[in-house]
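Each remark here refers to the structure printed beneath this line.
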Amino acid sequence: MERYDHKAIEQKWQKIWEESGAFRAEDESKKAKEYLLIEFPYPSGDGLHVGHIRSWTALDVVARKRRAQGKNVLYPIGWDAFGLPTENYALKTGKDPRLVTKENTDNFRRQIKSLGISFDWSREVNTTDPAYYKWTQWIFLQLYKKGLAYKAKTLINWCPTDKIGLANEEVINGVCERCGTPVEKREKEQWMLAITKYAQRLYDDLDTVDYIPAAKLGQRNWIGPSEGAQIKFQIANSKSQIEVFTTRPDTLFGATYLVLAPEHTLAQELAEKAENKNEIIRYIEQSRKKTEIERTTEGKEKTGVEIKGMKAINPASKEEIPIWVADYVLAGYGTGAIMAVPAHDERDLAFAKKFNLQVKEIELEDPKKITEKVGGKWVTTYKLRDWVFSRQRYWGEPIPMIICPTDGWVPVPESDLPVLLPKVEKYQPSEAGESPLANIAEFVNTTCPTCGGPAKRETDVMPNWAGSSWYYLRYCDPKNDTEFAAQDKLKYWLTPPASPKTSSRGGVDWYNGGMEHTTLHLLYSRFWHKVLFDLGLVPTSEPYLKRTSHGLILAEDGSKMSKSKGNVINPDALVEQVGADSLRLFEMFLGPFDQPVAWNSDSIAGVRRFLERVWILAEKVGEAPLSKETETLLAQTIDKVSRDIDALKMNTAVSSLMIFLNHLQKLESVSKEIFKQFLGLFAPFAPHIAHELAERVGFTREKWEHWPTVDESKLVSATVQVAVQVNGKVRSTIELSPEAGEGEALAAARADAVVTKWLAGADVKKAVYVKGKIVNFVITSLDV
RNA sequence: GCCGCGGUGGCGGAAUUGGUAGACGCACAGGACUCAAAAUCCUGCGAUGGCAACAUCAUGAGAGUUCGAUUCUCUCCCGCGGCACCA
């Protein structure tokens with residue numbers, strides 16, 4: 001047999017798989033379906049990251065195993081291609097983002113194909129494709145029609161030099177990433193999505209899905225419901241009232257001052273009548289200029305200013321208390337105003353101490369009774385805020401709205417979708433900081449769909465989160481140009497076959513992605529899905545049944561891989577040198593899948609050697625007797641590998657394949673049956689070499705491409721080793737039948753020569769036997 | 001500061017409900033093969049003492065529960081990730 005030539009073998013099988021459409025999911029199938037999903041990548045100019053390979057290979061192993069188990073598997077791939085890096089590259093070079101995206105996706109596609117990952121390429125989607133974003137826009141219109149999209153003023157990061165709105169990511173230590181100018185806050189009318197209307201359902205329905213605990217907890221903390229009271233404080237000698245939110249109405253008697261957030265509208269209004277008007281206005285302006293990062297780097301030192309000449313009345317004690325403005329109170333949470341109880345709150349205490357405010361010790365009231373007594377409301381508030389959906393940028397989906405002087409905001413008629421993103425000369429925003437689209441008269445000027453008069457298009461585009469909030473739906477029916485996906489196809493791919501017709505439980509069977517996406521992306525996507533569910537457009541109330549996460553791959557020194565640090569591993573070179581199968585196996589063997597690992601090329605040699613030993617083993621395949629030992633080890637290996645794959649414990653799955661190979665290698669010859677079963681287990685990890693060997697040994701596809709089953713009767717070996725402890729320390733081991741009872745075990749243990757020595761002249765106070773595991777004698781030693 | 005996840009040989013890591021700590025792999029050392037080298041194969045490989053049998057110690061540190069703790073509880077230290085004045 002010639003030596004193992006990974007290049008020839010991998011190219012050969014990749015061609016066969018491509019030409020035969022081996023991994024195409026069938027929309028109509030008698031087989032049970034299985035929908036496996038990875039987070040579709042952003043096609044960056046850096047090319048494929050070794051971290052992509054880790055996560056996609058793991059689900060590829062699952063996909064190949066499920067197919068071998070007779071499932072109709074959907075394992076799709078696409079591109080989340082709108083976004084900042086491509087746009088910034090266009091800003092710098094003037095190159096059309098469409099072109100850059102094409103180049104990058106071509107490169108990614110080539111790289112992924114060279115790894116033999118069993119994606120269904122016939123369903124490839126791209127968020128920047130008008131045939132795709134037509135439906136992203138269409139979903140936005142449904143949100144608008146349901147009253148879930150609205151315009152509101154918000155503060156954005158603004159670079160006065162570049163005249164551009166910045167993402168948080170582009171603000172480094174309070175200055176613009178590009179030019180170093182201090183970033184300001186600027187008020188801007190933006191499209192908002194009312195995700196908070198779904199807060200409680202997004203919270204409660206986590207009980208119906210199977211996410212890793214950290215992901216559920218992340219979502220719950222982000223939504224952050226808290227129960228409490230809204231209580232109105234009358235301002236003395238005025239008609240105005242300040243409404244506060246508190247989780248501790250029981251401490252109402254101890255409220256010795258009120259605090260307004262600087263952004264609170266009342267702060268401005270009350271300042272007008274205050275004795276220290278200018279001081280207050282200055283404070284409000286200062287805190288507005290501060291970026292969030294500045295606020296946080298200031299540490300815990302509290303700042304604030306009293307509204308002088310004005311008092312509020314504590315509705316419980318009827319005492320007059322001072323009113324302050326301070327930026328430790330956030331406008332976006334609760335009512336933007338708090339009652340401060342220094343005796344019961346650390347932050348209030350710190351503030352009170354700094355400004356010499358009264359600290360009043362009190363007896364606690366019943367929270368609900370006191371709330372009712374002072375005319376307050378019992379409410380649930382959430383940390384979750386509505387989703388800012390506008391970007392004053394170019395490389396995103398145009399928001400399909402038109403503003404008409406007579407009719408106001410009017411949605412673009414569905415028949416006119418998609419609103420195409422026009423080509424532009426310059427990717428710079430307009431002088432006023434609007435999207436570059438605002439510079440294109442042909443785009444902006446249009447007619448009102450309602451009155452037919454002249455009107456203007458919205459020039460904001462959507463954030464990247466838009467296209468990724470529903471892509472898993474498009475995979476079910478990616479070519480459909482009359483609906484985002486046909487109902488029967490959604491039903492087939494999202495509904496568990498066994499579930500009752502009335503059940504809305506279902507979704508993608510298994511979604512794996514990065515820990516960094518378990519809050520925002522998952523939450524946004526769940527929100528859109530629930531809206532579509534309410535409209536009767538998807539069959540399930542949740543998008544994903546199961547969610548797992550992978551750990552990052554770091555550079556050898558434990559830092560993040562990045563182009564600027566020059567520590568990025570290029571998978572192309574490894575595929576060339578050792579082959580895709582070695583690289584796949586190596587990444588699976590690297591360490592626990594859900595934990596971060598540092599890259600260490602040293603041990604690639606080990607998995608490459610493993611593949612070569614499998615290659616050589618094929619020469620020994622023939623007629624061979626089957627020993628009890630081999631039978632048991634086979635059963636144990638099937639059992640272990642099967643369970644490990646389903647739990648994503650890929651490193652130990654590979655290790656048990658190695659143990660089995662080590663055993664087979666010692667045999668004179670290996671029976672065809674054993675080798676076939678070994679290949680079955682091995683194929684999902686190293687598919688190319690497995691198929692090649694199967695062909696060479698003469699297995700037809702029907703004969704070997706199915707998942708081996710465990711013969712339970714073979715799983716247990718005839719004897720087990722049982723450790724014998726004396727006072728908790730292992731002194732000897734004995735061979736026992738796994739069924740041996742306590743009497744038999746203790747007798748055998750006492751008969752052991754070493755144990756006899758340890759027990760000589762001692763009182764056995766207690767003897768413990770755990771079946772098949774351990775014997776422990778507790779003795780009082782006479783030596784002491 | 002809060003939340004989450006981790007800390008085990010020279011290195012990556014393994015250890016079903018508490019039950020023989022170090023599987024598997026890397027590196028290293030010795031041997032076989034070879035004129036030689038590479039590759040491959042065999043053997044060894046936590047630390048300390050001992051020729052050895054063996055003994056003692058050892059899973060970040062310290063305590064606790066238990067016949068028995070890497071695993072459970074408490075306190076503390078360190079690393080990584082996320083959030084951050086959330087009332």
Side-chain angles (χ1 to χ4, degrees), chain A residues 3 212-215 217-218 220-222 224 226 228 244-248 251 259 261 292-293 295-296 298-303 326-330 332-341 344-348 350-351 381-385 514-516 518-520 549 551-552 554 558-560 585-586 589-592 594-607 609-610 612-613 616 640 643 649 651-659 661-662 665 721-733 754 765-779:
Chain A
R3 53 187 295 277
I212 50 164
L217 205 59
R220 291 210 160 105
N221 289 342
W222 192 269
S226 69
V244 305
F245 173 74
T246 178
T247 53
R248 299 291 310 275
T251 64
V259 188
E292 273 186 32
I293 290 146
R295 278 199 193 182
T296 54
E298 268 173 28
K300 284 194 261 306
E301 189 64 22
K302 300 257 183 302
T303 62
D327 64 8
Y328 82 96
V329 172
L330 301 178
Y333 185 74
T335 59
I338 64 159
M339 62 179 212
V341 187
H344 286 273
D345 186 287
E346 276 185 41
R347 285 180 313 268
D348 294 347
F351 191 81
T381 56
Y382 303 90
K383 287 188 203 170
L384 183 69
R385 292 176 217 166
M515 207 52 220
E516 70 273 22
T518 49
T519 42
L520 281 179
S549 282
L552 287 177
L554 305 167
S559 67
K560 274 193 184 173
L585 211 54
F586 169 69
F589 193 55
L590 206 51
D594 57 350
Q595 294 295 320
V597 276
W599 186 264
N600 180 1
S601 313
D602 288 351
S603 41
I604 292 186
V607 292
R609 255 173 240 158
F610 171 59
E612 291 190 3
R613 289 192 292 135
I616 291 162
K640 174 85 176 141
R643 281 187 292 115
K649 290 177 159 183
N651 52 338
T652 50
V654 173
S655 123
S656 53
L657 287 172
M658 286 173 169
I659 293 169
L661 177 77
N662 288 347
Q665 232 180 350
Q721 289 225 317
V722 172
V724 183
Q725 299 181 331
V726 177
N727 282 350
K729 286 190 176 171
V730 178
R731 297 302 180 186
S732 186
T733 58
V754 178
K765 292 171 71 184
K766 189 174 177 181
V768 181
Y769 174 59
V770 178
K771 205 172 172 183
K773 296 248 163 98
I774 211 152
V775 172
N776 189 15
F777 292 108
V778 185
I779 62 167

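Numbered from 1 within each chain, the chains take letters A, B, ... in sequence-line order. Keep in mind that what you see is a predicted model, and the values were worked out from it rather than measured.
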Counting just side-chain N and O atoms, does A:Arg731 come under 4.0 Å of either OP1 or OP2 of B:A55? yes
Answer yes or no: does a side-chain N or O of A:Lys729 lie under 4.0 Å from OP1 or OP2 of B:C57? yes
Write down the distance between CG (A:Asp594) and C1' (B:A14), rounded to a whole number of angstrom. 14 Å
Closest non-hydrogen atom pair between A:Asn662 and A:Arg613, with its separation: OD1-NH1, 2.7 Å
Does OP1 or OP2 of B:U40 have a side-chain N or O of A:Arg609 closer than 4.0 Å? yes
Using the side-chain heavy atoms of A:Val730, tell me which of these nucleotides is nearest: B:C24, B:C67, B:A21. B:A21
Quick note, A:Gln595 side chain, CB onward, closest among B:G6, B:C24, B:A14 is B:G6
From B:C26, B:C83, B:G4, nucleotide with atom closest to A:Asp602 side chain: B:C26
Donor-acceptor pair under 3.5 Å, A:Asp327 side chain vs B:C85 base: yes
With a 3.5 Å cut-off and just heavy-atom distances, do the side chain of A:Asn776 and the base of B:C67 make a donor-acceptor pair? yes
With nearest nucleotides of RNA chain B determined for A:Gln665 and A:Val607 from heavy-atom distances, which residue corresponds to the more 5′ nucleotide? A:Val607
Rounded to whole angstroms, how far apart are NZ on A:Lys383 and C1' on B:C85? 12 Å
Measure the distance from NZ on A:Lys560 to C1' on B:G82 and round it to the nearest whole Å. 10 Å
Provide the closest heavy-atom pair for A:Ala723 versus A:Val730 in the form atom of the first, atom of the second, distance. CB-CG1, 4.3 Å
Name the pairing partner of B:U65, where a pair is Watson-Crick or G-U wobble with both distances under 3.5 Å, or state none. none
Atom CG of A:Asn662 and atom P of B:U40 are separated, to the nearest Å, by 14 Å
Between the side-chain atoms of A:Lys649 and the base atoms of B:U16, is any donor-acceptor pair under 3.5 Å? no
B:G44: pairing nucleotide in any strand, Watson-Crick or G-U under 3.5 angstrom: B:C28
Nucleotide of B:G25, B:A15, B:A87 approaching A:Thr652 most closely (side-chain heavy atoms): B:A15
Integer-rounded Å distance: B:A69 C1' and A:Gln725 CD: 11 Å
With respect to the side chain of A:Ile659, which nucleotide from B:C26, B:A23, B:G19 is positioned closest? B:A23
Just the rounded figure in Å: distance from P of B:G82 to CG of A:Leu552. 8 Å
B:C33 pairs with which nucleotide, Watson-Crick or G-U wobble, both distances below 3.5 Å? none
Watson-Crick/G-U partner (both atom distances under 3.5 Å) of B:A84: none
Listed nucleotide nearest any side-chain atom of A:Ser603, set B:U56, B:G25, B:A14: B:G25
pair_partner(B:G6), Watson-Crick or wobble, both distances < 3.5 Å, evaluates to B:C78
Shortest non-hydrogen pair, A:Thr518 vs A:Ser549, comes out as CG2-OG, 3.6 Å
Nucleotide nearest A:Ala723 (side chain, heavy atoms from C-beta), chosen from B:A87, B:C67, B:U20: B:U20
From the candidates B:A87, B:U20, B:C67, the one with an atom nearest any side-chain atom of A:Ile774 is B:U20
To the side chain of A:Ser655, which of B:C3, B:U16, B:A23 is closest? B:A23
Could you state the atom-to-atom distance from CH2 of A:Trp599 to P of B:G13 in whole Å? 14 Å
Mind telling me whether A:Tyr328 and A:Phe351 have parallel, tilted or perpendicular rings, with 30° and 60° as the class edges? tilted
So, is A:Asn651 near the phosphate of B:G12, with a side-chain N or O under 4.0 Å from OP1 or OP2? no
For B:A84, take OP1 and OP2 only and decide whether either is under 4.0 Å from a side-chain N or O of A:Asn221. no
The residue, A:Ile604 or A:Thr335, whose nearest nucleotide of RNA chain B is more 5′ is A:Ile604
To the side chain of A:Thr246, which of B:A14, B:A87, B:C11 is closest? B:A87
